[in-house]
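A note on names: the letters A, B, ... follow the listed sequences, proteins ahead of strands, and every chain is numbered from 1.
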Amino acid sequence: MDNRAIARLLYETADLMEVAGEDSFRIRSYRNAAGVIESHPEQISAILRDPARKVTDIPGIGKGIALVLAEIEERGSFERRDEMLEKYPAGALELLKIQGLGPKSIRLLFETYRCATIDDLERLCREQKLRELPRMGAKLEEKVLRSIAHYRQRAGRFLLSFAQEAAAEVTGYLTAPGIERITPAGSLRRGRETVGDLDLLVTGPAAPEALEKFVAHPKCQEVLGRGANKASIRYGHESLQVDLRALPAESYGAALQYFTGSKDHNVALRQRALKMGLTLSEYALAKIENNQRVAGAAEEEIYAALGLAWIPPELRENCGEIEAAAEGRLPALIELGHIRGDLHMHTTETDGRATLEEMAEACRQRGYEYLAITDHSKALAMANGLDEKRAIEFAHRVREMDSAGIRIFSGIECDIRRDGAMDLDHDALAELDFVIGSVHSHMNLEAAEMTDRLMRALECPYIRVLGHPTGRVLLHREPFPFDCDLIFAEAARRNVYLEINASPERLDLGAAMVRAAKAKGCKFVISTDAHHPRHLLHMSYGVLVARRGWLAPSDVLNTLPLAEFEKSIRKK
DNA sequence: GCCGTTTTCGGCCCGACTGTTTTCAGTCG
């Protein structure tokens with residue numbers, strides 16, 4: 001079993017233990033162990049099989065978890081987990097995802113009404129049964145119903161990061177002699193922040209064998225269909241639908257274009273083709289009169305034959321990209337290689353998992369010229385946020401650090417309080433190089449109040465970046481509402497950069513808002529919000545969002561060389 | 001359940017809000 005699968009067993013068991021009302025510190029140990037295992041560079045099962053080594057050498061894993069791991073290695077589960085699953089249904093894990101219900105309520109609902117599924121819960125709310133229980137009332141029933149609707153609406157979609165990893169797994173698995181190309185298309189290729197299913201295209205003489213191999217993938221849960229040219233499966237525990245299409249090389253470009261979409265982009269493109277006496281399909285671009293092929297092997301040929309510059313997949317949403325391509329004014333989009341520094345990350349000083357030194361070293365290894373350390377401020381008590389005194393002391397430590405080869409700026413991610421005041425006083429903020437202001441609480445304010453709050457935060461002379469501006473968590477929490485036009489215009493006026501938070505769970509701002517903000521004159525930073533060195537890799541997701549938002553390198557602060565970057569943050 | 005020790009037991013994260021109470025439990029971040 002791989003590390004991620006082991007971690008999942010531990011996480012799930014911890015959730016069930018919480019429902020069972022077990023000791024919270026023990027539960028935390030399980031979760032902590034799961035997190036450690038998930039990010040461990042080496043396979044745990046390899047360590048378990050090596051008699052010369054001990055898993056207890058890994059911090060966070062003691063005797064108890066070591067026994068659990070041995071049992072998992074042996075039989076794929078462990079006693080406490082089996083016990084929990086006997087007592088509480090697996091559906092309880094799903095119920096925990098409904099906002100407004102926690103472990104205590106789920107236990108009570110199960111013990112009173114045998115409520116074990118989302119459907120049960122919905123029925124109980126409609127029958128007004130929740131209000132018969134202590135400390136539950138009509139408002140909770142309403143909230144739960146709303147939450148169920150939201151949960152169902154997002155069900156079946158997956159984070160871009162998850163889909164990318166699955167695509168990499170499957171393409172790696174299918175790569176073989178006789179396979180010429182194997183490429184993801186669809187919304188994954190367009191870089192959408194969530195993905196419904198995965199479309200993979202394969203060409204080469206061994207393509208039929210690839211289809212064969214595909215349906216035999218060890219993680220294939222179900223074969224949904226299997227023909228001569230296409231197969232479709234449910235993949236992995238999460239049941240992501242993956243389609244694989246085998247194509248002749250001469251149709252590769254047409255198919256890639258067709259399956260990349262979006263639908264609206266393709267409709268507009270086909271209309272353009274018709275006006276030119278051409279017809280575009282997934283097989284080729286051809287003349288209507290005699291069906292003679294004009295293009296098909298490469299996307300570039302197709303766009304060129306339609307009188308268009310090749311359009312990057314991220315722009316293919318029929319939002320002006322075809323007109324821009326026709327007029328030769330597509331933007332020169334930002335690329336990952338343009339990024340010269342990461343400006344939002346955490347360390348063990350607050351809730352990060354790696355030290356200041358480790359984070360800096362990881363940035364240096366990525367070839368960055370600079371970075372900003374931006375731990376939390378005191379309002380985030382659960383993250384051990386910094387108060388004024390600690391923030392200043394920590395800034396001194398950051399500056400005194402040996403930083404050969406990379407420039408380290410001392411910053412903070414300062415909470416924006418409910419009334420829009422910054423969580424730290426201005427004297428403290430003035431001591432820091434780089435202040436991000438972020439909302440972490442009271443996200444359910446009315447739009448007008450939230451707008452006032454953000455306007456006031458922008459007044460602070462020290463704020464340089466508005467962090468994850470809408471607070472959304474993909475598939476989980478909607479963006480909080482505020483008057484974007486007003487806030488974006490004010491941010492532009494005050495020279496406050498908007499963050500594109502590259503964490504795959506956030507991707508906040510999203511692409512549409514990035515484009516709207518750019519139109520208001522805003523500039524941006526793309527930052528990972530890393531809590532661990534491996535999160536620095538998420539920069540690529542942030543760049544995708546920026547590309548979908550039509551940004552060029554000149555729109556993004558952290559593409560600047562060090563000297564210019566420093567000048568920019570000083571002059572505010 | 002892990003960790004660290006002034007080692008075999010005590011500490012581990014806590015404040016704010018909400019909706020339900022009649023003094024606070026549960027949820028969230």
Side-chain angles (χ1 to χ4, degrees), chain A residues 9-11 13-37 54-72 78-81 83-84 95-111 125 128 130-147 346 348-352 376-387 413 415-419 423 438-446 449 467-468 471-473 476-478 480 503 505-506 508 529 531:
Chain A
L9 293 184
L10 294 177
Y11 278 129
T13 306
D15 283 350
L16 289 171
M17 285 162 70
E18 207 163 29
V19 172
E22 292 202 21
D23 174 64
S24 63
F25 295 113
R26 175 177 291 169
I27 294 166
R28 190 197 299 171
S29 294
Y30 271 77
R31 293 216 171 104
N32 184 46
V36 165
I37 288 168
K54 297 196 299 262
V55 281
T56 47
D57 288 341
I58 304 169
I61 298 180
K63 275 192 215 154
I65 300 282
L67 285 174
V68 162
L69 293 177
E71 210 181 334
I72 290 175
F78 57 102
E79 200 181 335
R80 189 180 286 276
R81 175 169 182 265
E83 236 172 67
M84 287 295 127
L95 292 176
L96 277 169
K97 294 181 183 156
I98 301 298
Q99 280 179 315
L101 288 188
K104 300 275 164 58
S105 308
I106 287 165
R107 180 183 181 183
L108 185 61
L109 284 166
F110 180 69
E111 287 176 350
C125 287
Q128 308 192 336
L130 263 56
R131 63 184 70 180
E132 291 174 16
L133 297 174
R135 296 195 166 274
M136 294 191 189
K139 286 222 174 139
L140 184 67
E141 285 167 352
E142 278 169 38
K143 181 177 183 178
V144 167
L145 283 173
R146 278 199 309 277
S147 189
H346 299 270
T348 46
E349 189 66 15
T350 62
D351 64 349
H376 289 291
S377 66
K378 63 180 189 275
L380 240 64
M382 68 165 278
N384 188 26
L386 306 173
D387 60 16
E413 184 183 19
D415 249 58
I416 296 171
R417 293 179 165 279
R418 179 175 185 153
D419 62 359
D423 185 35
S438 296
V439 167
H440 287 115
S441 59
H442 308 286
M443 299 198 187
N444 53 354
L445 302 182
E446 294 294 321
E449 196 180 352
H468 42 72
R472 76 170 175 183
V473 177
H476 181 70
R477 186 172 67 210
E478 294 294 308
F480 51 68
S503 164
E505 290 89 34
R506 288 191 185 269
D508 181 14
D529 201 352
H531 287 65

Rounded distance (Å) that lies between atom C1' of B/dG15 and atom CZ of A/R417: 11 Å

Salt-bridge contact A/D508-A/R472 (side-chain N to carboxylate O under 4.0 Å): no

A/F25, nearest nucleotide to its side chain (from B/dC28, B/dC17, B/dG1): B/dG1

Rounded C1' spacing from B/dG11 to B/dT5 in Å: 11 Å

Presence of A/H442 side-chain N/O under 4.0 Å of B/dC17 phosphate oxygens OP1/OP2: yes

Sugar-phosphate only, base, or nothing, as touched by A/R80 at under 4.0 Å among non-hydrogen atoms: sugar-phosphate

Sugar-phosphate, base or nothing in reach of A/A14, heavy atoms under 4.0 Å: nothing

Residues A/R28 and A/E18 bridged, charged N to O under 4.0 Å: no

Distance in angstrom units between A/E142 CD and B/dT18 C1', rounded: 14 Å

Short side-chain N/O contact from A/S441 to OP1 or OP2 of B/dC28, under 4.0 Å: no

Value in whole Å for how far the P atom of B/dG19 lies from NZ of A/K143: 7 Å

Main-chain N/O of A/D423 paired to A/K378 side chain as donor or acceptor, under 3.5 Å: yes

Nearest-angstrom distance, P atom, B/dT20 to B/dG15: 25 Å

Sugar-phosphate, base or nothing in reach of A/L101, heavy atoms under 4.0 Å: sugar-phosphate

Test: A/D15 and A/R31 ion pair at under 4.0 Å: yes

Length of the line joining A/L445:CG and B/dC17:P, which is rounded to integer Å: 10 Å

Nucleotide of B/dC28, B/dT27, B/dG19 approaching A/R135 most closely (side-chain heavy atoms): B/dG19

d(CD1, A/I61; P, B/dC3) in whole Å: 9 Å

Interatomic distance at C1', B/dG29 relative to B/dC13, whole Å: 12 Å

N or O in side chain of A/R26 less than 4.0 angstrom from B/dG1 OP1/OP2: yes

Of the listed nucleotides B/dG29, B/dT27, B/dT20, the one nearest the side chain of A/L140: B/dT20

Complement of B/dC24, any strand, by Watson-Crick or G-U distances under 3.5 angstrom: B/dG19

Length of the line joining A/L380:CG and B/dA16:C1', which is rounded to integer Å: 12 Å

Length of the line joining A/M136:CE and B/dT20:C1', which is rounded to integer Å: 11 Å

Sugar-phosphate only, base, or nothing, as touched by A/P103 at under 4.0 Å among non-hydrogen atoms: sugar-phosphate

Working for side chain to side chain donor-acceptor pair (under 3.5 Å), residues A/H376 and A/D415: CA-CA 7 Å; A/H376 289 291; A/D415 249 58; 5.1 Å; no

Residue closer to the 5' end of DNA chain B, A/Y30 versus A/M443 (nearest nucleotide): A/Y30

Interatomic distance at C1', B/dG26 relative to B/dT21, whole Å: 13 Å

Within 6.0 Å of CD in A/E446, more than 12 heavy atoms from elsewhere: no

Nearest-Å distance once atom C1' is located in both B/dT8 and B/dC3: 12 Å

Protein-nucleotide distance (A/R28, atom CZ; B/dG11, atom C1'), rounded to Å: 10 Å

P spacing across the pair B/dC12 / B/dT23, given as an integer number of angstrom: 31 Å

Distance test, side-chain N/O of A/R131 to OP1/OP2 of B/dG19, below 4.0 Å: no

CD (A/E79) with more than 12 external heavy atoms under 6.0 Å: no

